[in-house]
Amino acid sequence: MSILVTPETKFIVQGITGGFGGRHAQLSLDYGSQLVAGVTPGKGGQTFADTVPIFDSVAKAMAETGATASAIFVPPPFAADAILEGIDAGLDLVVAITEGIPIRDMLSVKKVLDASSTKLIGPNCPGIVTPGKGENSHGGCRIGIAPGYIHKKGNIGVISRSGTLTYEAVWQITSAGKGQSTCVGIGGDPVPGMAHLDVLKMFNDDPETEGIIMIGEIGGTAEEEAAAWAKDNCHKPIAGFIAGATAPPGRRMGHAGAIVSGGKGTAEAKKVAFREAGIGVAETPSEMADTLLKMM
């Protein structure tokens with residue numbers, strides 16, 4: 001099985017006519033994903049790659065194609081409205097790739113999101129991949145910017161705030177001859193959609209996910225909250241890695257959410273929480289898969 005998306009999931013790309021959105025829309029098509037529509041206001045009636053119809057609105061695209069998910073490649077000033085459009089249309093899942101959405105905009109989105117049934121991954125994230133059964137996991141569902149070919153169908157779930165560390169963990173798993181159930185890059189912005197705990201609960205309920213890699217960063221308490229829940233509720237092996245061990249206190253590092261203040265959110269505090277919950281701690285990125293596989 002998988003979580004959130006399957007190889008059969010139909011999705012749209014908001015901002016498909018932009019250079020970045022178009023490039024990754026094509027990569028999703030090449031991967032064999034069910035990209036069924038694009039949305040760019042004012043360009044309805046056109047097509048992308050000669051086969052994908054473009055619509056003026058998400059609601060129209062959903063009605064015509066049956067899509068249930070969306071990837072957002074819309075510039076930061078307009079991205080929050082794109083997310084809200086997806087929520088208003090009733091999408092099951094919105095994946096916001098856009099980086100640099102104003103925090104004030106995301107606070108408004110969060111209020112609407114919390115009152116809806118839509119799930120949001122991101123913003124400022126690599127997206128989600130459920131590998132397919134074909135060669136190089138072809139035929140899976142790739143929504144976002146993750147390289148599809150490094151994935152392999154299997155039974156390890158990956159949750160990560162960091163895009164590049166998501167890819168590193170995936171490649172380590174694949175290189176070890178194992179595979180992934182679903183890989184979720186949740187992003188590291190201060191006002192996110194899904195958090196570690198949300199995804200961890202889904203992996204815990206997925207009968208075919210047998211092990212989990214959870215990657216965090218300095219800043220915030222999301223990793224500690226996930227670890228506290230896992231201690232009493234998750235009996236699947238979990239390996240964790242926390243990035244930012246050498247970051248000076250009070251300095252923003254990488255993602256907008258990766259900031260340590262008041263002695264909270266340090267890498268060491270998060271690693272302590274992991275160990276207390278029985279989560280295996282990888283001290284370096286190169287040890288993530290090995291740490292989990294030894295536990296399994």
R275/E283 salt bridge by N-O under 4.0 Å criterion
yes
How many angstroms lie between SG in C234 and CZ in F203, if you round to the nearest 0.5 Å?
11.0 Å
Report the distance from atom CE of M288 to atom CD1 of I215, rounding to the nearest 0.5 Å.
4.5 Å
Which is it for N124 and I101 under the side-chain contact (heavy atoms from CB on, under 4.5 Å) test, yes or no, and what are the steps along the way?
CA-CA 8 Å; N124 189 13; I101 302 176; over 6 Å; no
Decide side-chain contact (heavy atoms from CB on, under 4.5 Å) for S160 and F241; before the verdict, give the C-alpha distance in whole Å, the side-chain angles of both, and the deciding distance to 0.1 Å.
CA-CA 9 Å; S160 177; F241 175 75; over 6 Å; no
Would you call the rings of F20 and F73 parallel, tilted or perpendicular, taking 30° and 60° as the class edges?
perpendicular
Hey, are E217 and K270 close enough for a salt bridge, meaning a charged N less than 4.0 Å from a carboxylate O?
no
In Å, rounded to the nearest 0.5 Å, how long is the span from CD1 of I159 to OG1 of T166?
10.5 Å
For E208, what residues pass the side-chain hydrogen bond (donor to acceptor under 3.5 Å, both in side chains) criterion, not counting sequence neighbours?
none
R142 side-chain N/O to G144 backbone N/O, donor-acceptor pair under 3.5 Å:
yes
Is any side-chain heavy atom of F48 closer than 4.5 Å to a side-chain heavy atom of V13?
no
Heavy-atom closest pair (I145 atom, C125 atom, distance to 0.1 Å) is CD1-O, 4.4 Å
Spell out, as yes or no, whether a donor-acceptor pair under 3.5 Å connects the side chain of D88 to the backbone of L84.
no
Donor-acceptor check, side chain of T68 to backbone of D92, threshold 3.5 angstrom: yes or no?
no
To the nearest 0.5 Å, tell me how far I121 CD1 sits from I128 CD1.
4.0 Å
More than 12 heavy atoms from other groups under 6.0 Å of NZ on K271
yes
Are side-chain heavy atoms of P123 and T98 found at a separation under 4.5 Å?
no
Distance-only, no hydrogens or angles: does the T40 side chain make a donor-acceptor pair with backbone N or O of K43 under 3.5 Å?
no
Assigning hydrophobic clusters by single linkage (Ile, Leu, Val, Met, Phe, Trp, Tyr; side-chain heavy-atom cutoff under 4.5 Å), is I83 placed with L91?
yes
Around atom NZ of K10, are there more than 12 heavy atoms from other residues, nucleotides or ligands closer than 6.0 Å?
no
Step through the shown structure and confirm whether more than 12 heavy atoms of other residues, nucleotides or ligands are within 6.0 Å of NZ on K153.
yes
What distance separates E287 CD from L293 CG, expressed to the nearest 0.5 Å?
13.0 Å
Could you check whether any side-chain N or O of S57 sits under 3.5 Å from a backbone N or O of K60, counting only pairs where one atom can act as donor and the other as acceptor?
yes
Using atom types as modelled and distance alone, determine if a side-chain donor or acceptor of Q14 lies under 3.5 Å from a backbone N or O of V58.
no
For residues A96 and L120, report the shortest heavy-atom separation together with the two atoms involved.
CB-CD1, 4.1 Å
Say whether, by atom type as modelled, one donor and one acceptor occur between the side chain of T6 and the main chain of E8 under 3.5 angstrom.
yes
So CG of N155 and CD1 of I212: to nearest 0.5 Å the spacing works out to 11.0 Å
When you look at Q172 and I213, which way does the side-chain contact (heavy atoms from CB on, under 4.5 Å) test go after all the steps?
CA-CA 11 Å; Q172 287 178 22; I213 291 181; over 6 Å; no
Hey, can you pull the donor-acceptor pairs under 3.5 Å for the side chains in residues 174-187, sequence neighbours left out?
unit_1: T174; atom_1: OG1; unit_2: I150; atom_2: O; d: 2.7
unit_1: T174; atom_1: OG1; unit_2: V170; atom_2: O; d: 3.1
unit_1: T174; atom_1: OG1; unit_2: Q180; atom_2: NE2; d: 3.0
unit_1: S175; atom_1: OG; unit_2: W171; atom_2: O; d: 2.8
unit_1: S175; atom_1: OG; unit_2: W171; atom_2: NE1; d: 3.4
unit_1: Q180; atom_1: OE1; unit_2: K152; atom_2: N; d: 2.8
unit_1: Q180; atom_1: NE2; unit_2: V170; atom_2: O; d: 3.3
unit_1: S181; atom_1: OG; unit_2: T209; atom_2: OG1; d: 2.8
unit_1: T182; atom_1: OG1; unit_2: I3; atom_2: N; d: 3.1
unit_1: T182; atom_1: OG1; unit_2: T130; atom_2: OG1; d: 2.9

Take E210 and M296, measure what side-chain contact (heavy atoms from CB on, under 4.5 Å) needs, and give me the verdict at the end.
CA-CA 8 Å; E210 298 178 5; M296 295 176 69; 4.1 Å; yes
What I'd like to find out is whether the side chain of F274 reaches to under 4.5 Å of the side chain of I242, using heavy atoms alone.
yes
Identify the two heavy atoms, one from P131 and one from Y31, that lie closest to each other, and give their separation to 0.1 Å.
CA-OH, 3.6 Å
Donor-acceptor pair, side chain of R161 and main chain of I218, under 3.5 angstrom:
yes
Under the 3.5 angstrom rule, does the side chain of S28 hit a backbone N or O of I143 as a donor-acceptor pair?
no
Filter on side chain to side chain donor-acceptor pair (under 3.5 Å), then keep only pairs touching residues 44-56, sequence neighbours left out; what's left?
none
